[in-house]
Number of protein chains: 2
Amino acid sequence: MAVVRLLVLGMVRLKGRTHGYAVHQELVAWHVETWTRVKPGSIYHALKQLTKEEKLNEVGREPSEEGPGRTLYELTEAGEAEFIQLLESALGSFDLEELGTGVAFMECLPRRRVIEILKDQHRRAMTTRNGLEAMAPKFAHVRDAPHTSDLLSLWSGSLAANASWTRSLIQRLESGAYRMSEG
Amino acid sequence: MAVVRLLVLGMVRLKGRTHGYAVHQELVAWHVETWTRVKPGSIYHALKQLTKEEKLNEVGREPSEEGPGRTLYELTEAGEAEFIQLLESALGSFDLEELGTGVAFMECLPRRRVIEILKDQHRRAMTTRNGLEAMAPKFAHVRDAPHTSDLLSLWSGSLAANASWTRSLIQRLESGAYRMSEG
DNA sequence: GTATATGTAGTCAAGTTTGAATAGTGATCA
DNA sequence: TGATCACTATTCAAACTTGACTACATATAC
């Protein structure tokens with residue numbers, strides 16, 4: 001998923017120069033496991049893959065006083081671009097794990113940009129929800145699609161709850177809450 | 001994910017003897033893409049993997065009038081057991097994709113069993129939600145965990161919405177809605 | 001002093017997902 | 001007729017996830 005890439009890029013960006021284990025520790029400190037599951041193996045894979053794509057540079061190994069040596073990574077310019085792109089796309093998603101990850105890093109974007117993306121996300125969520133509500137009556141009598149109306153209302157309710165949360169976040173941002181990036 | 005395995009097992013169970021393309025077609029007819037994404041590649045992989053685990057049997061190939069030949073599969077006894085287990089676990093999950101998949105097949109279980117599982121799921125969802133609410137004040141002032149209270153309220157709201165939907169489904173089931181499995 | 005637990009740092013194999021590619025069969029149309 | 005399009009049916013490589021394992025270092029208990 002894009003979630004792991006965003007988390008890893010974001011952490012390396014935040015720390016400037018770091019290693020896989022530290023990324024994992026920091027994610028645990030952030031309690032990311034409450035909104036998404038990120039296993040150590042995925043972190044190490046992402047580090048290698050992003051290095052292969054030249055979004056990260058491997059900048060040598062560092063000995064450690066409390067265990068084996070560590071492999072250090074740094075963000076490249078391409079990595080910075082990738083980070084921004086993944087971040088914007090995460091804030092525009094209405095998948096909870098992606099959205100949550102985007103929110104965790106939203107202060108890396110300028111306030112007005114975040115508001116813009118969230119408003120667009122809210123609009124699309126409502127459009128999708130209306131679409132679901134509209135298709136409900138059409139499938140009420142289709143035998144081969146089981147429990148379609150229940151499933152539609154499950155998704156519709158979830159979208160509505162998330163949209164309501166997004167609305168309140170937009171309000172907090174518009175009233176000046178949080179320290180955001182300049183520029 | 002367990003979602004694909006459940007969908008594939010369920011479809012093969014429903015059709016008695018079928019092939020990958022038909023499974024895909026039926027999932028499209030069910031509008032499964034509104035609540036989860038299932039690519040053809042995942043279906044074919046699941047068929048092969050489940051066959052390797054003897055949850056399915058490959059029972060030969062069938063020529064087709066409108067294209068290449070098809071590989072046919074059937075459910076084994078172990079497959080039936082696996083289906084029931086995945087189904088019960090899906091109905092007990094509060095991951096939307098899993099829960100949705102469980103609901104699509106819930107009529108394969110007896111009414112009282114489904115109610116029992118859903119009540120347990122609802123109870124656990126509420127417990128989780130209370131846990132989230134309880135941890136919110138503790139992390140309000142922790143600088144290194146960004147936007148934790150926003151993220152907690154996002155999840156909390158989502159859990160509440162799903163729990164409310166589950167409650168209403170339980171009510172419909174208790175008042176005798178839907179044709180369910182005997183036994 | 002040595003087993004044993006705990007924390008640090010990472011690798012690996014197996015399973016899974018994804019998007020693109022392959023290949024057969026009619027239907028349309030110039 | 002033969003070019004091209006759409007539908008049928010599947011395979012494949014690459015990326016990604018997962019759980020189990022390796023290996024180093026320190027503390028602690030016996």
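No experiment lies behind these values; they were computed from the predicted model shown. Chain identifiers are assigned alphabetically (A, B, ...) following the order of the sequence lines, protein sequences preceding nucleic acid strands; residue numbering begins at 1 within each chain.
B:Leu96 places none of its side-chain heavy atoms less than 4.5 Å from the side chain of B:Trp35.
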Could you tabulate the donor-acceptor pairs under 3.5 Å formed by side-chain atoms of residues 83-90 of chain A, not counting sequence neighbours?
{"from": "A:Glu88", "atom 1": "OE1", "to": "A:Arg113", "atom 2": "NH2", "distance (Å)": "2.8"}
{"from": "A:Glu88", "atom 1": "OE2", "to": "A:Arg113", "atom 2": "NE", "distance (Å)": "2.8"}

Just distance, no hydrogens or angles: give the donor-acceptor pairs under 3.5 Å from side chains in residues 175-183 of chain B, sequence neighbours left out.
{"from": "B:Ser175", "atom 1": "OG", "to": "B:Gln171", "atom 2": "O", "distance (Å)": "3.2"}
{"from": "B:Ser175", "atom 1": "OG", "to": "B:Arg172", "atom 2": "O", "distance (Å)": "3.0"}
{"from": "B:Tyr178", "atom 1": "OH", "to": "A:Asp150", "atom 2": "OD1", "distance (Å)": "2.9"}
{"from": "B:Tyr178", "atom 1": "OH", "to": "A:Asp150", "atom 2": "OD2", "distance (Å)": "2.6"}
{"from": "B:Tyr178", "atom 1": "OH", "to": "B:Arg172", "atom 2": "NE", "distance (Å)": "3.0"}

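Scanning for side chain to side chain donor-acceptor pair (under 3.5 Å) contacts around B:Glu80 gives B:Arg13, with sequence neighbours left out. In this structure, B:Pro68 has no side chain to side chain contact (heavy atoms under 4.5 Å, CB included) partners at least two apart in sequence or on a different chain. Applying the side chain to side chain contact (heavy atoms under 4.5 Å, CB included) rule to B:Glu66 yields the partners B:Ser64, B:Arg70; only residues at least two apart in sequence or on another chain are considered. Taking the side chain to side chain donor-acceptor pair (under 3.5 Å) definition, one finds that B:Glu33 meets it with nothing, sequence neighbours left out.
The distance from the CZ atom of B:Arg167 to the CG atom of B:Leu118 is 12.5 Å, given to the nearest 0.5 Å.
Put simply, chain A comes within 4.0 Å of DNA chain C, heavy atom to any atom, from C:dG7 to C:dT11, going 5' to 3'.
Using a 4.0 Å cut-off on heavy atoms, none of the residues of residues 90-100 of chain B approach DNA chain C. Residues from residues 79-89 of chain A that place a heavy atom under 4.0 Å from any atom of DNA chain D: there are none.
Cluster partners of A:Leu72, by chain and number: A:Val59. The rule joins Ile, Leu, Val, Met, Phe, Trp and Tyr whenever side-chain heavy atoms lie under 4.5 Å apart.
Closest non-hydrogen pair, A:Val4 versus A:Ser42, comes out as CG1-O, 3.8 Å. Taking all atoms of both residues into account, the shortest heavy-atom contact from B:Ser158 to A:Asn162 is CB-OD1, 4.2 Å.
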Practice problem: Produce a footprint string for nucleotides 4-17 of chain D: one letter per nucleotide, 5' end first; B if the base is under 4.0 Å from any protein heavy atom, S if only the sugar-phosphate is, - if neither. | Solution: ----BBBB---SBB
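For residues 3-24 of chain B, the set of pairs meeting the ring-ring contact (aromatic ring centres under 6.0 Å, His included) definition, not counting sequence neighbours, is empty.
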